[in-house]
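Note that the coordinates shown come from a computational prediction; the quantities given were computed from them, not determined experimentally. Both counts, for ligands and for their atoms, begin at 1 and track the order of listing.
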Amino acid sequence: MATDSIDLWRQLKSHLESLRRAGLLDIPIGSWEPPALIKPIRTQPSQSENLIDLSPVVAAVLRPPEAPRIEVVQKPAEPVSRPSTAPAKRPPSAAQPPVPSTFALYRKPFEMHVIPINERLQVLTSLAAEVACCERCPELASTRTQTVFQSGSPTARLMFVGEAPGADEDRLGEPFVGRAGQLVTDIITKGMGLSRSEVYIANVLKCRPPENRTPSNTEMANCVGYLDRQIEIVRPEFICLLGKVAVTALLQTSLPMKSLRQRWFRYREIPTMVTYHPAYLLYNPPAKKETWDDLKMLMKEMGISPPPKAS
Ligand code: URA
């Protein structure tokens with residue numbers, strides 16, 4: 001009973017926060033706590049305790065390359081519940097240069113007003129046209145068939161962020177349409193009871209890296225500003241990061257996946273969670289169970305239930 005009340009409280013708070021982000025409500029909600037009488041006994045930290053303020057988190061190049069740097073955080077932002085005794089360090093890499101300074105971390109909500117729903121498609125279309133001409137990464141620009149910008153709804157409540165197009169995506173011009181994409185589709189439809197057209201899907205990189213190699217830090221820095229603008233335009237209520245590259249690009253942390261799952265971060269005020277990349281699940285099927293746990297956490301916060309067969 002008490003737990004139900006807390007859940008209702010959380011959902012109400014989440015919806016009010018969405019309204020506030022959309023500029024439809026002008027009252028501070030962040031510090032609202034459920035009434036003491038209905039505080040449940042918990043074995044795990046509550047969602048609000050677990051909601052880590054990673055708004056610090058990133059958005060490297062806001063409007064690359066001319067974006068001004070607003071606030072640079074000297075070290076990667078870390079979850080508040082794992083405090084500072086052992087700050088995470090980026091492993092030294094002989095192969096790659098450090099992440100460029102355009103990856104500066106911002107503790108800033110979006111400054112641009114929310115784009116009216118009926119204008120979003122047009123704004124995204126012109127951004128996609130800009131991306132289609134991009135030549136910031138000469139190798140990718142010369143090897144791609146086409147850029148791969150987005151899939152789904154510009155008014156989606158939920159945005160999935162993957163790594164980069166693969167061969168199928170490069171050929172078809174749509175994110176997550178290959179084998180890993182089938183898994184994403186299953187997650188959305190069979191797992192969450194939504195359709196692909198109800199969510200928004202994008203990648204950190206808009207071009208396929210040759211041989212599907214991992215994107216370099218420079219490529220991520222060149223491209224992440226486009227993703228940031230997609231997020232700014234769509235303004236989803238929730239973001240789900242699929243795998244390490246999405247985490248590196250948006251959350252700027254080197255923590256291992258196991259300590260990033262099952263908790264909430266904030267990317268520019270938007271509640272953001274992390275789960276495994278679907279390609280990892282293809283060769284490590286036991287991890288599907290953990291992914292399912294992550295999705296349940298997400299659905300709970302979104303106030304939606306899995307379809308009967310999935311539960
Ligand atoms: N396809 C995509 O669009 N993104 C990925 O990260 C993997 C496959």
- Task: Mark yes or no for whether Thr143, through its side chain, and Glu139, through its backbone, hold a donor-acceptor pair below 3.5 Å.
- Result: yes
- Name the residues with a heavy atom less than 4.0 Å from ligand 1? Gly162, Glu163, Ala164, Glu169, Pro175, Phe176, Asn203, His277
- Task: Could you work out the complete set of other residues in the hydrophobic cluster of Val177, with links drawn between I, L, V, M, F, W and Y side chains under 4.5 Å apart?
- Result: Leu172
- Message: One pair to check against side-chain hydrogen bond (donor to acceptor under 3.5 Å, both in side chains): Tyr276 and Asp294. What are the steps and the verdict?
- Response: CA-CA 9 Å; Tyr276 294 113; Asp294 298 338; over 6 Å; no
- Any donor-acceptor pair under 3.5 Å from Glu232 side chain to Ile115 backbone: no
- Note on the structure: Output for pair (Leu227 CG, Asn203 CG), nearest 0.5 Å, gives 8.5 Å
- Item | Donor-acceptor contact below 3.5 Å, side chain Glu169 vs main chain Gly166 | yes
